[in-house]
Amino acid sequence: MSVISSWNLTISLNTTLSLSWRSSLPSRAIFPRPKKPKTLVVLAIALGAKPTVLVSEKLGDAGIQLLKTFANVDCSYNLSPEELCTKISLCDALIVRSGTKVTREVFESAMGRLKVVGRAGVGIDNVDISAATEHGCLVVNAPTANTIAAAEHGIALLTAVSRNVAQADASVKAGKWERNKYVGVSLVGKTLAVMGFGKVGSEVARRAKGLGMQVIAHDPYAPADRARAIGVELVSFEEALTTADFISLHMPLTPATSKMFNDEAFSRVKKGVRIINVARGGVIDEEALLRALDSGIVAQAALDVFTEEPPPQENKLVRHENVTVTPHLGASTTEAQEGVALEIAEAVVGALKGELAATAVNAPMVPAEVLLELSPYVALTEKLGRLAVQLVAGGSGVKFVKVTYASARGPDDLDTRLLRAMVTKGLIEPISSVFVNLVNADFIGKQRGLRLTEERIVLDGSPEKPLEFIQVRIANVESKFASAISNSGEITVEGRVKDGKPHLTKVGSFGVDVSLEGSIVLCRQSDQPGIIGKVGNILSEENVNVNFMSVGRIAPGKQAVMTIGLDEEPSRDALKKIGEITAVEEFVFLKL
Ligand SMILES: NC(=O)C1=CN([C@@H]2O[C@H](COP(=O)(O)OP(=O)(O)OC[C@H]3O[C@@H](n4cnc5c(N)ncnc54)[C@H](O)[C@@H]3O)[C@@H](O)[C@H]2O)C=CC1
Ligand SMILES: O=C(O)C(=O)COP(=O)(O)O
């Protein structure tokens, strides 16, 4: 058994938790309904209302049409930050490109309604991801559809710069004919340093090789074999700077890459280097670039992106004669815009339907086939969490939770992040007003001081099924249903997936078997004939449908735990009657 992760979370239980003793039913025998804005979208859909998607920048028509099949679509472009904050509390999703700043204030103004932000493109530096995560808002992007467009624009700028295309064009249009002034430089045989060897960078490299250039790349995280496969040598930052005739930037803007190209970097480049930036303005210290251009260290620059967009009129870089500029056009081809629009619309609609997004930026990306396989276990883990926490006696603080996964698969073949998040959701939601999802589960858990430990039991046998059983244990607490405490002294619930459905298979040390649907009555009685019939009668008198019933015994004639799965919620009166059956020693009603 090995511990694979742990973190802290403290849940303080309020005293009106679900448990009821046989003869003293509290005023509300069931769990208090959470006050949270729980899955508003799903609720809205259930009521027949469509979710609302705000599109704040121009999006390809195919994407808009797809969104309209599922949601009310509000295309409001050029909103001021204040207008965005005002509108956002009425929206379930927001779709942006690079021009909308999705700040913490936006998430705060959403007041819990905003469920997903879709970035119709790659760079997510305009979205405050930490704030999104803290607010449980999923951020998805469209990472692939504009790769080629951005790479082609990089190559367009590379060739334009080398032959002074923009300057010469302006000159001819101004009535001049300056053939000697605009003599260019050749690309063939020159060294191009691609900085950031990801999707765009590697496509630029491929194309530059076709132009006869020597291509080197700097990317601390790129796999060497990918570079080798296209004949590119991965080099250090230093080597890239000192050997390149052309430098093309393709890394994301992050705290680590911010102003990566500064005075220090420009002091090490080859004199006369040419720089192309189709990444983000912020990766260059623009003042430093201006100095390097003025001193001739950098011969020319081609910039598609700027620290501030649009750049102010007086921006000296924009007006510099050795600088070619475009207004952030990297992704702007008809094909790329239709592609990203569809990619983001699909991701946003999927997220609004509650599906997990393959392009999630702030949640684990779980491949579709893994999701499909894990989905019954997702339901199981959430329900086990909900059951376990409902079994805790009011006043106990839930801090130490252990989740055990029993599987014949090796640890690398089982991604438990999703399952862990769902246990957290199950543990926290019934006893608090927060909404927990895959996005914010770890954050909320940590914030509340819960210490959740995951363990693996590696079983012999066929690894065909991802999991054999899952156990959730809560230590250092008392239970309102004493039988839920196992021999190890912890509240223990265990479940399995049977025929694709989650089942509860153990409570404390008692083996049980009940499908986890509707609600459950757990009942400990002295093992004797007739109890099942008596309980069944009480429920049938109330028209409460029993969907499952099982009895687990320590030994014949001793104690047994009866588990009853119910489709409807029984009245308080019916529960009271169950508690009054003489052989019933304790019972509890649990909502799933
Ligand atoms: N101008 C435009 O319209 C467009 C701009 N972009 C920009 O291009 C960037 C790259 O896009 P993709 O290639 O699709 O992303 P990607 O994630 O596939 O590639 C980024 C690469 O940068 C590398 N990287 C990270 N830190 C680095 C560092 N300190 N030094 C060197 N490399 C580093 C990463 O390892 C990764 O391989 C985006 O983040 C976006 O900002 C993307 C599309 C269009
Ligand atoms: O995808 C990206 O990262 C881009 O920079 C494209 O930006 P845009 O969607 O054209 O505003």
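Every number for a ligand or one of its atoms is a count from 1 in the order of the listing.
Residue-ligand proximity: Gly121 is placed with every non-hydrogen atom at 4.0 Å or more from ligand 1. By the 4.0 Å heavy-atom criterion, Ala256 is excluded from the residues contacting ligand 1. Contact between Leu253 and ligand 1 is absent, with no heavy atom of the residue lying under 4.0 Å from the ligand. Every heavy atom of Gly330 sits 4.0 Å or more from the atoms of ligand 2. Using a 4.0 angstrom heavy-atom cutoff, Glu57 does not count as in contact with ligand 2. For Met260, the heavy-atom gap to ligand 1 drops under 4.0 angstrom.
Shortest contact from atom 29 (N) of ligand 1 to any protein heavy atom: Thr257 CG2, 3.4 Å. The single protein non-hydrogen atom nearest to atom 5 (O) of ligand 2 is His328 NE2, 2.7 Å, given as residue, atom name and distance. With hydrogens left out, the protein atom closest to atom 34 (C) of ligand 1 is Asp219 OD2, 3.4 Å, a heavy atom. Here the protein heavy atom with the shortest distance to atom 33 (C) of ligand 1 is Met251 CB, 3.7 Å. For atom 44 (C) of ligand 1, the closest non-hydrogen atom of the protein is Ala150 CB, 3.6 Å. With hydrogens left out, the protein atom closest to atom 10 (C) of ligand 1 is His250 O, 3.3 Å, a heavy atom. Ranking the protein heavy atoms by distance from atom 38 (C) of ligand 1 puts Val122 CG1, 3.9 Å first. Atom 17 (O) of ligand 1 has Lys199 NZ, 3.9 Å as its closest protein atom, hydrogens excluded (heavy atom only). For atom 22 (O) of ligand 1, the closest non-hydrogen atom on the protein side is Pro252 CD, 3.3 Å. When hydrogens are left out, the protein atom nearest atom 11 (O) of ligand 2 is Ser98 OG, 2.4 Å; that is the closest non-hydrogen contact.
When heavy-atom distances to ligand 2 are checked against a 4.0 Å cut-off, Glu309 has no atom that comes that close, whether in backbone or side chain. Under 4.0 Å from ligand 1, the heavy atoms of Asn146 that appear belong solely to its side chain. Contacts of His328 with ligand 1, taken as heavy-atom pairs under 4.0 Å, involve the side chain alone. By the criterion of a heavy-atom distance under 4.0 Å, the backbone of Ala120, and not its side chain, is placed next to ligand 2. The side chain of Asp304, and not its backbone, has at least one atom closer than 4.0 Å to an atom of ligand 1 (non-hydrogen atoms only; side chain from C-beta on).
Not a single N or O atom of Val305, backbone or side chain, sits closer than 3.5 Å to an N or O atom of ligand 1. Considering backbone and side-chain atoms alike, Val278 places an N or O below 3.5 Å from some N or O of ligand 1. Considering backbone and side-chain N/O atoms, Gln337 never comes within less than 3.5 Å of an N/O atom of ligand 2. Here's the thing with Ala331: none of its N/O atoms is less than 3.5 angstrom from an N/O atom of ligand 2. For the pair Asn146 and ligand 2, the shortest N or O to N or O distance falls below 3.5 Å. Close N/O approach between Met195 and ligand 1 is not found [any backbone or side-chain N/O within under 3.5 Å].
A salt bridge between Arg420 and Asp442 is present, with a side-chain N of the basic residue lying under 4.0 Å from a carboxylate O of the acidic one. We find that Lys173 and Asp169 are joined by a salt bridge, their nearest charged nitrogen and carboxylate oxygen being less than 4.0 Å apart.
For Thr144 and Glu343, the side-chain atoms include at least one donor-acceptor pair closer than 3.5 Å. Checking Gln167 against Tyr182 by side-chain atom types alone, no donor-acceptor pair falls below 3.5 Å. Looking at Gln214 and Asp245, their side chains never bring a donor and an acceptor atom within 3.5 Å of each other.
Near Gly121, meaning under 4.0 Å from any of its heavy atoms, are these atoms of ligand 2: 1 (O). Annotation for ligand 2: atoms under 4.0 Å from non-hydrogen atoms of Val122 are 1 (O), 2 (C), 3 (O). The ligand atoms of ligand 1 that sit less than 4.0 angstrom from a heavy atom of Ala279 are 5 (C), 7 (C), 41 (O). Shown in contact with His218 at under 4.0 Å from a heavy atom are these atoms of ligand 1, numbered in order with element: 30 (N), 31 (C), 32 (N). For ligand 1, the atoms closer than 4.0 angstrom to any heavy atom of Phe197 are 37 (O).
Judged purely by atom type and a 3.5 angstrom limit, Asp304 has no side-chain atom pairing as donor or acceptor with the backbone of Gly154. In terms of modelled atom types and a separation under 3.5 Å, the side chain of His328 and the main chain of Val305 share no donor-acceptor contact.
Taking the side chain as every heavy atom from C-beta outward, Leu54 and Ile95 never approach each other to under 4.5 Å. The shortest side-chain heavy-atom distance between Arg226 and Phe197 falls under the 4.5 Å cut-off.
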